[in-house]
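Only one structure is covered here, and it is reproduced in the block below.
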Amino acid sequence: MATAIVAGVAIFVIWFWFSPKHTEVGYAPTQPVAYSHKLHAGDLGIDCRYCHVAVEKGPKASVPSADICMNCHTVVKHDSPKLALVRESYANGTPIEWIKVHKVADFAYFSHAQHVNKGVGCVECHGRVDQMETVRVSEPLSMSWCLDCHRNPGPHLRPKDQITNMGWAPEGDREQLGQELVEKYHVSPPTDCSGCHR
C-alpha cells in the first residue's frame with residue numbers, strides 16, 4: 001500500500017512539474033482582437049519596439065494602446081469589422097483588455113530593459129513570434145530555465161542592432177561571438193536568489 005502511495009505521489013509530481021500546464025508552454029489565449037503577429041511582425045516586418053514602446057526603458061514591454069494601432073488603421077483596413085473594438089477603444093479612450101500571455105511569477109523581478117539592453121533578443125524568451133498567428137508561450141520561463149541562461153549567457157546574446165530580428169543567425173562561431181558580447185556589453189547576470197527575488 002505504501003509503495004502504491006509513493007508511486008502515485010511521484011507520478012503526480014512528475015506530471016505536474018513537467019507538464020505544459022505548469023510551465024504554460026503552448027498557452028495561447030484567445031485575445032479580444034484577433035491580432036496576427038505573423039502578419040504585422042513577420043510579413044510586414046514591423047519592429048517589435050513600434051508597438052512595445054517601453055521594452056528598452058523599463059521592466060514591462062508595454063501593451064500597445066489603440067492609438068498605436070490607429071496610426072496605420074485610420075488608413076489601412078479602417079472599416080474592417082475585425083477592428084471594431086480597436087476603433088471603439090481609440091474613440092472613447094477605454095483600453096482593450098488584452099490577455100497577458102507571458103507571465104513571470106509575482107515573486108520574481110524581471111526587467112525587459114535589462115535584458116534587451118544587454119543583447120538578449122526577443123526570440124530567446126518569446127520564440128518566433130513573427131511566425132505566430134496567435135502568440136503562444138514557447139519557453140517555460142521557469143526559474144531553472146532562467147538560471148541556465150544566467151549561468152551561461154553567451155549563446156543567448158546577439159548584437160544590439162539585431163535584438164528584434166527574429167531570423168538573425170551569427171556569421172561564424174556563436175560561442176566565440178557570445179563571449180565577445182559578454183565582455184563588450186559587460187554582461188554579468190545574477191545567479192543568487194536576491195537577483196530576482198527582491
Side-chain angles (χ1 to χ4, degrees), residues 17-31 35-42 45-64 68 98-170 174-175 177-182 184-198:
W17 288 108
F18 295 102
S19 74
K21 285 190 180 234
H22 179 70
T23 63
E24 295 190 355
V25 171
Y27 174 65
T30 301
Q31 297 290 353
Y35 179 86
S36 170
H37 276 78
K38 181 184 182 303
L39 171 64
H40 293 83
I46 297 173
D47 189 292
C48 306
R49 296 168 290 196
Y50 181 76
C51 299
H52 301 287
V53 296
V55 74
E56 296 173 302
K57 302 171 190 148
K60 307 278 186 216
S62 73
V63 175
I68 291 174
W98 298 104
I99 300 168
K100 189 170 178 129
V101 178
H102 296 88
K103 301 171 191 166
V104 176
D106 290 341
F107 53 80
Y109 174 78
F110 176 83
S111 169
H112 274 88
Q114 285 178 335
H115 289 78
V116 168
N117 293 321
K118 292 291 186 178
V120 179
C122 305
V123 72
E124 292 294 325
C125 302
H126 298 290
R128 290 298 304 264
V129 173
D130 62 323
Q131 297 174 353
M132 298 180 192
E133 283 295 333
T134 302
V135 172
R136 68 185 173 281
V137 176
S138 61
E139 299 294 344
L141 306 181
S142 64
M143 185 172 78
S144 64
W145 181 81
C146 293
L147 276 170
D148 286 345
C149 183
H150 276 220
R151 290 177 178 139
N152 184 22
H156 306 282
L157 300 179
R158 57 182 59 206
K160 291 181 186 178
D161 65 349
Q162 298 299 319
I163 292 299
T164 62
N165 181 352
M166 299 279 170
W168 176 83
R174 175 124 193 192
E175 280 292 326
L177 175 63
Q179 288 312 308
E180 290 170 8
L181 293 175
V182 164
K184 180 179 180 181
Y185 299 151
H186 308 287
V187 176
S188 180
T191 56
D192 62 330
C193 301
S194 64
C196 300
H197 303 290
R198 300 178 179 184

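Between Pro170 and Leu177, the closest heavy-atom pair is CB-CD2, 3.7 Å. Nearest heavy-atom pair, Ser36 versus Leu39, reported as atom, atom and distance to 0.1 Å: OG-N, 2.9 Å. Between Thr134 and Pro29 the shortest heavy-atom distance is CG2-O, 3.8 Å. Across all their heavy atoms, Glu139 and Glu124 have their closest contact at CG-O, 3.8 Å. Taking both residues in full, the closest heavy atoms of Ser138 and Cys125 are given as OG-O, 4.1 Å, listed atom of the first, atom of the second, then distance. Scanning both residues, Tyr109 and Gly195, for their nearest heavy atoms gives CD2-O, 4.5 Å.
Note that CZ of Arg198 and CZ of Phe107 are 15.0 Å apart. Values are rounded to the nearest 0.5 Å. Here the CE-SG distance, from Met166 to Cys48, works out to 4.0 Å after rounding to the nearest 0.5 Å. Here the NZ-NZ distance, from Lys160 to Lys118, works out to 6.5 Å after rounding to the nearest 0.5 Å. Rounding to the nearest 0.5 Å places CZ of Arg136 at 15.0 Å from CD of Glu24. One distance of note links CZ of Arg158 with OH of Tyr185; it measures 11.0 Å at 0.5 Å rounding. To the nearest 0.5 Å, atoms NE2 (His115) and CD1 (Ile163) are separated by 11.5 Å.
The aromatic rings of Trp98 and Tyr35 sit perpendicular, their planes meeting at an angle over 60°, well past the 30° parallel limit. The aromatic rings of His126 and His102 sit perpendicular to each other, their planes meeting at more than 60°, with 30° as the lower class boundary.
Within the 4.5 Å cutoff, no side-chain heavy atoms of Met143 are placed close to those of Cys196. Taking 4.5 Å as the limit, some side-chain heavy atom of Val101 sits within range of a side-chain heavy atom of Gln31. Residues Leu157 and Val182 form a side-chain contact, since some pair of their non-hydrogen atoms from C-beta on lies under 4.5 Å apart. Using a 4.5 Å cut-off on side-chain heavy atoms (C-beta onward), Val53 and Pro64 make no contact. Side-chain atoms of Tyr27 and Ile99, non-hydrogen and from C-beta on, do get closer than 4.5 Å to each other. Within the 4.5 Å cutoff, the side chain of Tyr50 has no heavy atoms near those of the His40 side chain. Side-chain contact between Val123 and Val129 is absent, with no heavy atoms from C-beta onward closer than 4.5 Å. Between Thr164 and Val55 there is no side-chain heavy-atom pair separated by less than 4.5 Å.
Judged by distance alone, the side chain of Glu175 and the main-chain N or O of Pro155 form no donor-acceptor pair under 3.5 Å. Although no hydrogens or angles enter the test, the distance criterion places no donor-acceptor pair under 3.5 Å between the side chain of His150 and the main chain of Thr191. Remark: side-chain polar atoms of His37 are not paired, donor with acceptor, to backbone N or O of Asp130 under 3.5 angstrom.
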